[in-house]
Amino acid sequence: MQSANMNVMIKAARKAGRGLVKDFREVENLQVSVKGAGDFVSRADREAERIIKEELRGARPTYGWLGEETGTEAGEDPTRRWIVDPLDGTTNFLHGLPHWAVSIALEHKGEIVAAVIFDAAKDELYSAEKGGGAWMNGTRLRVSGRRRMIDSIFATGIPFGGSGKLPAALQDFARIAPVTAGIRRFGSAALDLAYVAAGRVDGYWERDINAWDVAAGILLVKEAGGFVETIRGDGPVVDAGNIVCANAALFPEFAGLVRERP
Ligand code: IPD
Ligand code: CA
């Protein structure tokens, strides 16, 4: 049984996703002019957030809001807020790479209670409600069963050019890559988390990440049986700005390695 809130979230994600798929087809035609493509994608991103906001706030006008494009808006109900990334994986989208998603989370009293991540290009809809398991297109998800680091692959984000954070990130690779079956950089934090929930990758870590990138994915991983913490291992993860997660068997060793650089 799906809650009324989940129905509202899925409707919003599918509606925004349909618009983004149309825009994604257009992006290829615009590649000749990089600036043209960039402006077009920014518009597509803003339009997706507008659609989601209209749907969610229309159905639940008292809830608060945090969206990547429009920021924070307090609601009459201070205990609930939507946390939305209308287009996670923007750089992939801009390059015509079909790996991006709409991410919608509902937070209640500081805890994520419902989550939807929609990979519209692949028509994969991930959803979770607290206590109700994690799902993809009607199939129950479980984190992977791998127990050895050397058999396992881990997703992460690599800081983009100009951020100045690459030298530090390379220290992570130097510690982690040699003891694993590989590191992946897919370009969408929301889908990285959905893939951990689906057992497609065995763990994920990232530094300098925003609440809207990870809010929905955190619940998916937990409901699929995974462990999710901040890199320091303190406090709530959503607003922390960093994250480490894996299946229960790998978590202590993997998180331990990540934590060697606090
Ligand atoms: C980005 C993606 C990427 C992550 C970055 C995010 P955006 O979000 O999730 O995987 O490494 O930190 O900012 O910009 O595509 O919405
Ligand atoms: Ca994002």
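For ligands, and for the atoms within them, numbers begin at 1 and follow the listed sequence. Quick note: numbers below take in every heavy atom, side chains included, and nothing from hydrogens, waters or symmetry partners. FYI, the numbering just counts along the sequence from 1. The structure displayed is predicted, hence computed values, not measured ones.
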Subject >> Interfacing atoms of ligand 1 (cut-off 4.0 Å, heavy-atom, Gly89) >> reply: 7 (P), 15 (O), 16 (O)
Subject >> Polar side-chain atom of Gln171 near backbone of Arg261 as donor-acceptor pair, under 3.5 Å >> reply: no
Subject >> Per-residue contact class, Asn210 against ligand 1 - non-hydrogen pairs under 4.0 Å >> reply: neither
Subject >> Residue portion contacting ligand 1 (non-hydrogen atoms closer than 4.0 Å) for Asp85 >> reply: side chain
Original post:
Between Asp77 (side chain) and Tyr63 (backbone), is there a donor-acceptor pair under 3.5 Å?
Top reply: no
**OP:** Determine whether Leu56 and Val84 make a side-chain contact, defined as any pair of heavy atoms from C-beta on separated by less than 4.5 Å.
**Re:** yes
Original post:
In ligand 1, which numbered atoms sit nearer than 4.0 Å to a non-hydrogen atom of Ser188?
Top reply: 9 (O), 10 (O)
Subject >> For the Ca ion (ligand 2): the N/O/S atom of Asp85 at shortest distance >> reply: OD2
Original post:
From Glu68, does some N, O or S atom reach closer than 3.0 Å to the Ca ion (ligand 2)?
Top reply: no
**OP:** Indicate if Val201 and Phe227 have the same hydrophobic cluster label, given that clusters are the connected sets of ILVMFWY residues with side-chain heavy-atom separations under 4.5 angstrom.
**Re:** no
**OP:** Please determine if Thr91 has a nitrogen or oxygen closer than 3.5 Å to a nitrogen or oxygen of ligand 1.
**Re:** no
Original post:
Taking the side chain from Asp85 and the backbone from Ser103, do they hold a donor-acceptor pair closer than 3.5 Å?
Top reply: no
Original post:
Quick one: which ligand 1 atoms are inside 4.0 Å of a heavy atom on Ile209?
Top reply: 12 (O)
Subject >> Atoms in ligand 1 with a heavy atom of Glu68 nearer than 4.0 Å >> reply: 16 (O)
**OP:** Give the atom name of whichever N/O/S atom in Asp88 sits closest to the Ca ion (ligand 2).
**Re:** OD1
Original post:
Under 3.5 Å, N or O to N or O, is Thr90 touching ligand 1 that way?
Top reply: yes
Original post:
Can you check whether Trp212's main-chain N or O pairs, donor with acceptor, with Asn210's side chain at less than 3.5 Å?
Top reply: no
Subject >> Minimum-distance N/O/S atom that Asp213 presents toward the Ca ion (ligand 2) >> reply: OD1
Subject >> Interfacing atoms of ligand 1 (cut-off 4.0 Å, heavy-atom, Gly187) >> reply: 2 (C), 3 (C), 10 (O)
Subject >> Arg175 side chain vs Leu257 backbone, donor-acceptor pair below 3.5 Å >> reply: yes
Original post:
Could an N or O of ligand 1 be found under 3.5 Å from any N or O of Ala189, whether backbone or side chain?
Top reply: yes
**OP:** Determine, using the 4.5 Å side-chain heavy-atom cutoff (strictly less than), whether Ile176 and Leu250 are members of one ILVMFWY cluster.
**Re:** yes
Subject >> Verdict with supporting geometry, Arg60 and Asn5, side-chain hydrogen bond (donor to acceptor under 3.5 Å, both in side chains) >> reply: CA-CA 9 Å; Arg60 300 287 182 268; Asn5 275 335; 2.6 Å; yes
Original post:
Between Trp205 and Val143, is there a shared hydrophobic cluster once you connect ILVMFWY residues whose side-chain heavy atoms come closer than 4.5 Å?
Top reply: no
Original post:
Of all the non-hydrogen atoms in the protein, which one sits nearest to atom 4 (C) of ligand 1, and at what distance?
Top reply: Glu206 OE2, 3.2 Å
Original post:
Short question: side chain of Asp88, backbone of Ala189 - any donor-acceptor pair under 3.5 Å?
Top reply: yes
Subject >> For ligand 1, the portion of Arg185 having any non-hydrogen atom under 4.0 Å away >> reply: side chain
Original post:
To the nearest 0.1 Å, how far is atom 13 (O) of ligand 1 from its closest protein heavy atom, and which atom is that?
Top reply: Asp213 OD2, 4.0 Å
Original post:
Considering distance alone, does some N or O of Ala190 sit under 3.5 Å from an N or O of ligand 1?
Top reply: no
Original post:
Which of the numbered atoms in ligand 1 are below 4.0 angstrom from a heavy atom of Leu87?
Top reply: 16 (O)
**OP:** Please check if the side chain of Asp45 supplies one atom and the backbone of Glu69 the other of a donor-acceptor pair under 3.5 Å.
**Re:** no
Original post:
Any N or O on Asp88 sitting closer than 3.5 Å to an N or O of ligand 1?
Top reply: yes
